[in-house]
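Presented below is the structure to which this report refers.
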Protein chains: 2
Amino acid sequence: MTRILVVEDNPDLAYGLRNNLEIEGYQVEVADDGTKGLARARDGRPDLIILDLMLPGMDGFRVLRALREAGRTMPVLILTARGEEADKVRGLRLGADDYVTKPFGVLELLARVEALLRRAAPPLPGGNGGPPPERFGDVEVIPASRTVLRGGQSVPLTPKEFDLLVALLRRRGAVVTRLDLLREVWGYSAEVLSRTVDTHVAELRRKLENDPAAPRHILTVRKSGYRLER
Amino acid sequence: MTRILVVEDNPDLAYGLRNNLEIEGYQVEVADDGTKGLARARDGRPDLIILDLMLPGMDGFRVLRALREAGRTMPVLILTARGEEADKVRGLRLGADDYVTKPFGVLELLARVEALLRRAAPPLPGGNGGPPPERFGDVEVIPASRTVLRGGQSVPLTPKEFDLLVALLRRRGAVVTRLDLLREVWGYSAEVLSRTVDTHVAELRRKLENDPAAPRHILTVRKSGYRLER
DNA sequence: GGCGGTCTGACGGTTTGCTGACAATCTCCG
DNA sequence: CGGAGATTGTCAGCAAACCGTCAGACCGCC
């Protein structure tokens, strides 16, 4: 089983990450400061590390450098605060493999984690390339390349639209509330409460439904949310 | 056993919540002000907290913040008064996981509690996805998708109709009084005294019974209420 | 500076829910 | 058996809730 180490001092965030990663089938360990994080990383040799740069005690940069100096080469994904452009660069120079800017959508992070692991894993002969494409109606969603085909034709979706579609797809057949969608697509702290979700759903319908006014797959469940049907 | 802490100063409401939650099999503790609530939450570490925002002494916001600052990450469901839109947002920003607007139907609250616990629960591989479908006659009720099938065909129900049906289903075989239904579906401050329930029952019969005038499943119990039979 | 992507608030259409009057039915009892 | 009273069923109209839509603002990026 793939093991992931999360080095994050904010309990809420750590909790949310653990949950979502575990749902995806990873084995998760959390360290809430830099020192512990480094110890666990050296000791436990996880397959991937999610590392907040802003940490009490030993900060993320030092953890990362120490880790690389100790010869550990597992992929590291760093979490940076918005606008800390310099931090990203510095992190990447120190040997991070990717970064995500807070606040981030869970799906974005999951996608990047998956990408890093796929890149790191030696492609097994006969192994497939990540999760299989999902289909509904005449639409095919290929997570690995963030591509959507409709009747074999590529449909350009914006990032938000794609994430929203995946979020609905992950719980296909079940009602997904607007709040859930906000959490999963927009970020761990839902702060958008207006017609945002509806607008994006409308756009998805326009691009993926034959008759957007009478959708057959992306359905409205009044008073509850939305539901995706094959 | 799953333990839930209810922080609510209104005794009637607290009592009602305790009752209903206990019927669902939860172990319930009640705190009637913010200070006690915080203490019990930190001390007892319940699996979930239902938190009224409007509290004497230390209000819900402060409880929530203090709780999160103390590193407690259990899901919190907040109760807000209708129209206090800003409160919802503020609550969510402070780390609440969901909210319910007063007055609320007990069933709605129970559904949300269940959803939060399911999300927090360790994802058993091969675990199912929520409660199984219920059947009576040729009718199948699927809570997860808020869908009703009749003879395999989807029957569109309005939100109230669906909730009402679930309420009857929960006590299948037993008489459910109009007052119970009002409490569970409409809200604890049941102020609808006219033919509301009957109207909705009639609509359910029209949609789900072969002969709505001689119902075989959604039965009237004169002077008492209604009863649902397989 | 233009452009695509995103978010928001206002607006309007449609659905849904509620109500109260009236009709139908049941129960009890003379 | 018949009738009064109590209880439930039905209906249509109104009001509110809810969602889809859109234009405009904003913002980061080329």
Side-chain angles (χ1 to χ4, degrees), chain A residues 82-85 88 101 103-105 107-108 146 155-165 167 175-179 181-182 185-187 189-209 211-215 218-227, chain B residues 82-83 85-86 89 101 103-105 108 146 155-165 167-168 175-179 181-182 185-187 189-209 211-215 218-227:
Chain A
R82 171 182 302 274
E84 306 293 324
E85 195 70 27
K88 290 180 204 166
T101 306
F104 51 83
L107 289 185
E108 182 188 352
R146 290 180 70 86
V155 179
L157 294 190
T158 70
K160 274 282 183 294
E161 286 162 15
F162 186 85
D163 290 342
L164 177 58
L165 180 59
V175 178
V176 189
T177 70
R178 288 180 177 75
L179 192 57
L181 290 172
L182 286 171
V185 177
W186 274 261
S189 63
E191 306 189 357
V192 244
L193 290 181
S194 55
R195 310 241 58 74
T196 307
V197 174
D198 307 57
T199 304
H200 286 271
V201 167
E203 197 56 41
L204 275 183
R205 283 176 177 155
R206 221 166 292 153
K207 292 183 177 178
L208 301 179
E209 293 275 2
D211 179 2
I218 304 170
L219 307 178
T220 301
V221 181
R222 215 149 204 275
K223 262 225 108 186
S224 296
Y226 295 97
R227 175 163 54 96
Chain B
R82 171 183 303 272
E85 193 72 26
V89 181
T101 306
F104 52 84
E108 183 189 352
R146 288 182 71 87
V155 179
L157 295 190
T158 70
K160 269 286 184 294
E161 286 162 14
F162 186 87
D163 291 342
L164 176 59
L165 180 58
L168 289 168
V175 180
V176 190
T177 69
R178 289 182 178 72
L179 194 57
L181 291 172
L182 285 172
V185 177
W186 273 261
S189 69
E191 298 182 4
V192 247
L193 297 177
S194 54
R195 311 243 53 76
T196 307
V197 174
D198 307 58
T199 304
H200 286 274
V201 168
E203 196 58 40
L204 276 183
R205 284 176 176 155
R206 216 166 298 152
K207 291 183 177 177
L208 301 179
E209 293 276 4
D211 180 2
I218 304 169
L219 308 178
T220 302
V221 181
R222 204 143 216 278
K223 286 216 65 171
S224 298
Y226 296 97
R227 177 163 54 95

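The figures here come from the full heavy-atom set of this structure, side chains too, leaving out hydrogens, waters and symmetry mates. A, B, ... follow the sequence lines: proteins, then strands. Residue 1 opens every chain. For clarity, every value in this text was computed on a predicted model and none was experimentally measured.
- Of all non-hydrogen atoms in Lys160(B) and Trp186(B), the two that sit nearest each other are CE-NE1, 3.3 Å.
- Separating the CD atom of Glu161(A) from the C1' atom of dG5(C) is a distance of 9 Å, rounded to the nearest angstrom.
- Spacing between atom CG of Leu204(B) and atom P of dT16(C) amounts to 13 Å, rounded to whole angstrom units.
- As a whole-Å value, the separation of His200(A) NE2 from dC22(D) P is 15 Å.
- You'll find the side chain of Arg222(A) stays beyond 4.5 Å of the side chain of Thr158(B), heavy atoms only.
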Given Asp198(A) and Arg178(A), is the side-chain contact (heavy atoms from CB on, under 4.5 Å) satisfied, shown in steps? CA-CA 9 Å; Asp198(A) 307 57; Arg178(A) 288 180 177 75; 3.1 Å; yes
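- Protein atom CZ of Arg227(A) is 14 Å distant from nucleotide atom P of dC19(D), rounded to whole Å.
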Working for side-chain contact (heavy atoms from CB on, under 4.5 Å), residues Arg205(B) and Thr220(B): CA-CA 11 Å; Arg205(B) 284 176 176 155; Thr220(B) 302; 2.6 Å; yes
Summarise protein proximity over nucleotides 10-18 of chain D in one line of letters, 5' to 3': B for base, S for sugar-phosphate only, - for none, counting protein heavy atoms closer than 4.0 Å. BB------B
What verdict does the side-chain contact (heavy atoms from CB on, under 4.5 Å) test give for Thr196(A) and His200(A), after you've listed the backbone C-alpha separation in whole Å, the side-chain angles of each residue and the deciding distance to 0.1 Å? CA-CA 6 Å; Thr196(A) 307; His200(A) 286 271; 3.9 Å; yes
Let's go through Glu161(A) and Leu208(A) carefully: what are the C-alpha distance in whole Å and the side-chain angles of both, what is the deciding distance for side-chain contact (heavy atoms from CB on, under 4.5 Å) to 0.1 Å, and is it a yes or a no? CA-CA 11 Å; Glu161(A) 286 162 15; Leu208(A) 301 179; over 6 Å; no
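- Stem regions annotated for DNA chain C: C:1-30 with D:1-30, counting only runs of 3 or more consecutive pairs of Watson-Crick or G-U type with both contacts under 3.5 Å.
- When distances run from any side-chain atom of Thr196(B) to the nucleotides dC18(C), dG17(C), dC7(C), the shortest one goes to dC18(C).
- Among the candidates Val201(B), Val176(B), Leu204(B), the single residue satisfying the side-chain contact (heavy atoms from CB on, under 4.5 Å) test with Tyr226(B) is Val201(B).
- Taking atom CZ of Phe162(B) as the reference point, atom C1' of dT15(C) lies 18 Å away to the nearest angstrom.
- Within the 4.0 angstrom heavy-atom criterion, only backbone atoms of the sugar-phosphate kind lie near Tyr226(B); the bases stay farther away.
- Among all heavy-atom pairs drawn from Ala167(A) and Leu181(A), the shortest one is CB-CD2, 3.9 Å.
- A 4.5 Å side-chain heavy-atom check between Pro156(B) and Lys207(B) finds every atom pair outside the cut-off.
- In this model, the phosphate group of dT6(C) is approached by a side-chain N or O of Thr158(A) to a distance below 4.0 Å at OP1 or OP2.
- The NZ atom of Lys207(A) sits 12 Å away from the P atom of dG4(C) (whole-angstrom rounding).
- The interatomic distance linking Asp163(B) (CG) with dT16(C) (P) rounds to 13 Å, in whole Å.
- In this structure, Glu209(A) atom CD and dT21(D) atom C1' are separated by 17 Å, rounded to whole Å.
- The side chain of Trp186(B) places no N or O atom within less than 4.0 Å of a non-bridging phosphate oxygen (OP1 or OP2) of dG17(C).
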